[in-house]
Number of protein chains: 2
Amino acid sequence: MRRNELAEIQALPLFSGLRDDSFESLLRGAYVQNFPPQIELIREGDPADFLHVVVEGTVELFASWNGRETTMATVRPIATFILAATIKDGPYLMSARTVEKARIILLPSIDVRNIFEADANFAKAIVLELSQCYRSVIKASKDMKLRNSVERLANYLLKKDIENGGNGQFDLSIEKRRLASYLGMTAENLSRAIKSLKDYGVEIEGSKVTIKSAETLGSLAKPTPLIDDPAY
Amino acid sequence: MRRNELAEIQALPLFSGLRDDSFESLLRGAYVQNFPPQIELIREGDPADFLHVVVEGTVELFASWNGRETTMATVRPIATFILAATIKDGPYLMSARTVEKARIILLPSIDVRNIFEADANFAKAIVLELSQCYRSVIKASKDMKLRNSVERLANYLLKKDIENGGNGQFDLSIEKRRLASYLGMTAENLSRAIKSLKDYGVEIEGSKVTIKSAETLGSLAKPTPLIDDPAY
DNA sequence: CTTGTGCCTTGATATTTATCAAGAGGCTAG
DNA sequence: CTAGCCTCTTGATAAATATCAAGGCACAAG
């Protein structure tokens, strides 16, 4: 593991409160791996042997049923997945694959659980992390049940715009078919949804997004922190 | 608070590991309230002042946006809601109302957070509870994104059948319009979905459900523990 | 008993979303 | 440079789902 990676991991809220000896013993069993694109890292249903930390590249979490597949989330550095399965010692509920080549740190689940038992600080940090994760999924669920596909896209774009400085210009940084799946629609439907947002001042050329007026788009999107603010 | 209620609460996995002094100080600020049906208990966006414990009756969690509303969950005794907001000291992401008259214990969030800080056992129990909640919502999200409305209904019925002993006979125990909302469809659509399940041996008269052959229904529903097993 | 009231169902129709098929454009290996 | 591959788009059509309107049924209040 590289030194700066070590520092970055330790800086994560999840790990920053750990006792020194806890962090050390967590790292003792850890190892780093580099993966090419399109590699399946974990498969839903498998036992959660490792807590994964993405330190470079992009990982997609997805789920399958009856021949269908849907993107659940995209994980970018520095972030972990999937904590809940590790803690519960349960099977993964989602599969994961690399999108771009990725560098990932693997922390044996058994170590994570042991330190969770032994270090109250870690337990507290996990509580906060899980609360955050839980609330994110609730928000995603509300998004899916309360909005149609154009509204979901509109709110997605507004959120990404804010993430990128809010100047109305940013890069999509995700393939459209993956975005479509994430937003719960087909690629064809996303194409048409994008076209229909032209009336609201949205221009998407390739991966370059331009929002002429966040206010105009907002009149359609009607964003609310109770669905769209990741920090809420 | 009644004595048997006290015992039931203490028996919850969330509270059973607490130190005696922690449990005592948690109860010190607690109070019980009885609510008539159709009372709004909490409103999404409000600060999470209390952790709620349902000891009697039924509570519906729901969310609203832009004049639309959707049922997120139904809470029955003995169970808590909403833990994550309490811990994070964040706003509620869902509203709650009584369906039948309900008896609810209110634990001030500040006390919950204080004890969470002071009692490592409580922190651990919260981690397990939140993991469970998180995974439940992930499963609900997969259900919603991967299945159409008839498939969701079919799997819902199979799950409820198992909950009720798996003999193919049980009571719906939820109004159909509420069930429709929970399953992410309109009441009209649910009516038609029920009719279409007749071909698979499902009879619903009023609230009485009969599944002639779980296997036949399963051939449509294709249940998987990775979506449909609450314990997974 | 009867008269609401609320829930559920049904039919007709509209809207949303998916599917299928084809073609445009860009990227890359050879 | 070019062939092949992949993604994205577009059009046509089908399927799924929602909306609107009306009526039936059960239950509760008077």
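The sequence lines fix the lettering, A, B, ..., with proteins before strands; numbering per chain opens at 1.
- Rounded to whole angstrom, the span from the NZ atom of B/Lys176 across to the C1' atom of D/dA26 amounts to 12 Å.
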Begin from the C-alpha positions of B/Ser191 and B/Lys176 and carry the test side-chain contact (heavy atoms from CB on, under 4.5 Å) through to its verdict. CA-CA 8 Å; B/Ser191 263; B/Lys176 286 185 183 150; 5.8 Å; no
With the sugar-phosphate defined as primed atoms, P, OP1 and OP2, and the base as all remaining atoms, what B/S/- string results for nucleotides 14-30 of chain C, 5' to 3', for protein heavy atoms under 4.0 Å? ---SSBB----------
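- Atom pair B/Arg68:CZ and D/dT17:P shows a separation of 17 Å (rounding to whole Å applied).
- Taking the charged nitrogens against the carboxylate oxygens, A/Asp228 and A/Arg147 do have a contact shorter than 4.0 Å, which makes a salt bridge.
- Note on B/Glu8 versus B/Arg103: no salt bridge recorded, every NZ/NE/NH1/NH2 to OD/OE distance being 4.0 Å or above.
- Note that the two end axes of the helix from C/dC1-D/dG30 to C/dG30-D/dC1 enclose an angle of 30°, each drawn from 5 base pairs, rounded to 10 degrees.
- One interatomic measurement links the two molecules: CD1 of A/Ile194 to C1' of D/dC8, which rounds to 9 Å at whole-angstrom precision.
- Within a 6.0 Å sphere centred on CZ of A/Arg43, heavy atoms belonging to other residues, nucleotides or ligands number 12 at most.
- Atom CZ in B/Arg177 sits about 17 Å away from atom P in C/dT5, given to the nearest Å.
- Under the 30°/60° scheme for interplanar angles, the aromatic rings of A/Phe81 and A/His52 are found to lie parallel.
- With respect to B/Glu56, the side-chain hydrogen bond (donor to acceptor under 3.5 Å, both in side chains) criterion is satisfied by exactly one of B/Arg76, B/Lys101, B/Arg2: B/Arg2.
- One interatomic measurement links the two molecules: CG of B/Leu183 to P of D/dT17, which rounds to 12 Å at whole-angstrom precision.
- Counting to the nearest Å, the C1' atom of D/dT7 and the CD1 atom of A/Ile174 are 14 Å from each other.
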Could you walk me through whether B/Glu60 and B/Arg97 pass the salt bridge (charged side-chain N to carboxylate O under 4.0 Å, His left out) check? CA-CA 5 Å; B/Glu60 177 187 26; B/Arg97 69 165 77 93; 2.6 Å; yes
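- At the phosphate of C/dT9, neither OP1 nor OP2 sits under 4.0 Å from any side-chain N or O atom of B/Lys195.
- Within 6.0 Å of atom OH in B/Tyr182, 12 or fewer heavy atoms from other residues, nucleotides or ligands are found, so the atom counts as exposed in its surroundings.
- Between the C1' atom of D/dC8 and the CG atom of A/Leu172 lies a distance of 12 Å, rounded to the nearest Å.
- C/dC7 atom P lies 18 Å from atom CD1 of B/Ile204, rounded to whole Å.
- Other residues, nucleotides and ligands contribute only 12 or fewer heavy atoms inside 6.0 Å of the OH atom of A/Tyr200.
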